[in-house]
Amino acid sequence: MSSPLNSLVNDDGRYQESFELFLERSSEHQCMRDFIHSLLPDILGSIGNGKSHLNVIGVGSGAGEIDLEMLSQLRLKHPGVTVDNEVVEPSGQQLHNYRVLVSKKPELDWVQFHWNKMTAAEFEAQWKEKKMSKKVDFIHMIQMLYYVKDPGATVSFFQSLLDKNGKLVIILVSGESGWGKLWKTHRRQLCNTEISQCVTTGDIKSFLDSEGVSYQSYILPSQLDITECFTVGDEKGELLLDFLTEVLDFSKTAPPELKAGVMKTLRQPDCSVESNGRVIFNNDLEVIVLDPR
Ligand code: SAH
């Protein structure tokens, strides 16, 4: 059944606005930074086999803030190393923001950036067409596997590019997060778009288990304050609700039963907790780390 609801990703302006609000109201990037400074250094330390030049690919890098923090850790673990960094990002606006960020950091002269304004699938096609034999030491896909047609096949392709000791790092919302619960409850209405899928690390782990691929995983606890969503007519609340449901103008266009159902689910204890009068949604992320096959 096709949904009459319009997907938020069809309106890039509102999507970006809602994503920025989400970053403001959540500990999303903070919990990634904690990971980058606690667990990632050891993971990065194990790559490269003593090479003085490393190949890196970032898939769905957004504006690059998180990518640059990871690159700094990489350099700390491998002093003097030079890096070839392929950035794969289909949004022209995001790619532009990333380039501006890099242009303000002349100290990054040890990194050669290659800007690929394209999707992961287009990058894969190009890589195969050019019969690239280059192997890659570190690949990351952070909060982006929702937007590919076949997340499992995408993971397998990028894993196949890893050099000996290479690592593929995936971050998505955890299957046990509020997102997992929201999507499980309203899958039929909310998760039937072509562009975006409700995939969690639970789905990726099931895929890897079925393929007999081993991995390590770590939960990154994270929270999102959704209190404003419950104030009728609150603009920010409505914007956040669009982000949560991935539906454009959810409050105004969703059928009343769906709206009531979603508002109820958002308050369920396995989605949110109430603390000091705030409603705090469980935004836990999970990291999956893969070795070469
Ligand atoms: N990694 C960043 C951005 C996450 S948002 C962060 O964690 O902050 C998801 C990003 O994936 C967006 O920048 C979006 O433009 C990009 N994206 C969407 N579809 C994609 C696709 N098919 N292939 C690669 N990237 C995609």
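Computed over heavy atoms, backbone and side chain alike; hydrogens, waters and symmetry mates excluded. Since this is a predicted model, take the numbers as computed values, not measurements. Order of listing sets the numbers, starting from 1, for every ligand and every atom in it.
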Q: In a check of side chain to side chain donor-acceptor pair (under 3.5 Å) between Trp179 and each of Thr200, Asn283, Asp284, which one passes?
A: Asn283

Q: Using a plain distance cutoff, I'd like to know if Gln143 has any nitrogen or oxygen under 3.5 Å from a nitrogen or oxygen of ligand 1.
A: no

Q: Over 60° means perpendicular and under 30° means parallel, so tell me whether Phe22 and Phe243 are parallel, tilted or perpendicular.
A: parallel

Q: Are more than 12 heavy atoms from other residues, nucleotides or ligands located less than 6.0 Å from atom CD of Gln16?
A: yes

Q: Could you find the nearest protein heavy atom to atom 3 (C) of ligand 1 and give me its residue, atom name and distance?
A: Gly60 O, 3.6 Å

Q: With a 4.0 Å heavy-atom cut-off (strictly under), which part of Ser61 contacts ligand 1: side chain, backbone, both or neither?
A: backbone

Q: Counting only N and O atoms by type, is there a donor-acceptor contact under 3.5 Å from the side chain of Gln223 to the main-chain atoms of Ser26?
A: no

Q: Relative to each other, are the rings of Phe19 and Tyr15 parallel, tilted or perpendicular (30° and 60° limits)?
A: parallel

Q: Which of the numbered atoms in ligand 1 are below 4.0 angstrom from a heavy atom of Pro90?
A: 17 (N), 18 (C), 19 (N), 20 (C), 24 (C), 25 (N), 26 (C)

Q: Measure from the side-chain N and O atoms of Thr231 to the backbone N and O of Asp234, and report whether any donor-acceptor pair falls under 3.5 Å.
A: no

Q: Heavy-atom contacts with Tyr147 under 4.0 Å: which atoms of ligand 1 show up? List them by number with element.
A: 9 (C), 18 (C), 19 (N), 20 (C), 22 (N)

Q: Identify, by atom number and element, the atoms of ligand 1 in contact range of Ser91, meaning under 4.0 Å from any of its heavy atoms.
A: 15 (O)

Q: Heavy atoms only: which of Leu285, Ile142, Val148 is nearest to atom 4 (C) of ligand 1?
A: Ile142

Q: Is the shortest N/O to N/O distance between Ala120 and ligand 1 below 3.5 Å?
A: yes

Q: Which atoms from ligand 1 have a heavy atom of Met144 less than 4.0 Å away?
A: 11 (O), 23 (N), 24 (C), 25 (N)

Q: Which of the atoms of ligand 1 are close to Gly62, meaning less than 4.0 Å from one of its heavy atoms?
A: 3 (C), 13 (O)

Q: I need the nearest protein heavy-atom contact for atom 8 (O) of ligand 1: residue, atom name and distance, please.
A: His29 NE2, 2.9 Å

Q: Could you check whether Arg267 makes a cation-pi contact with Phe230, meaning its NZ or CZ is under 6.0 Å from the centre of the six-membered ring and within 45° of the ring axis?
A: yes

Q: Mind checking whether Ile66 has an N or O less than 3.5 Å away from an N or O of ligand 1?
A: no

Q: Among Asn55, Leu44, Asp84, Leu162, which residue meets the side-chain contact (heavy atoms from CB on, under 4.5 Å) test with Asp137?
A: Asn55

Q: Tell me whether Glu65 reaches ligand 1 (any heavy atom closer than 4.0 angstrom to a ligand atom).
A: no

Q: If every non-hydrogen atom of Thr227 is compared with every non-hydrogen atom of Gly277, which pair is closest and at what distance?
A: CG2-O, 3.9 Å

Q: For ligand 1, which part of Glu89 has a heavy atom less than 4.0 Å away: the side chain, the backbone, both, or neither?
A: side chain

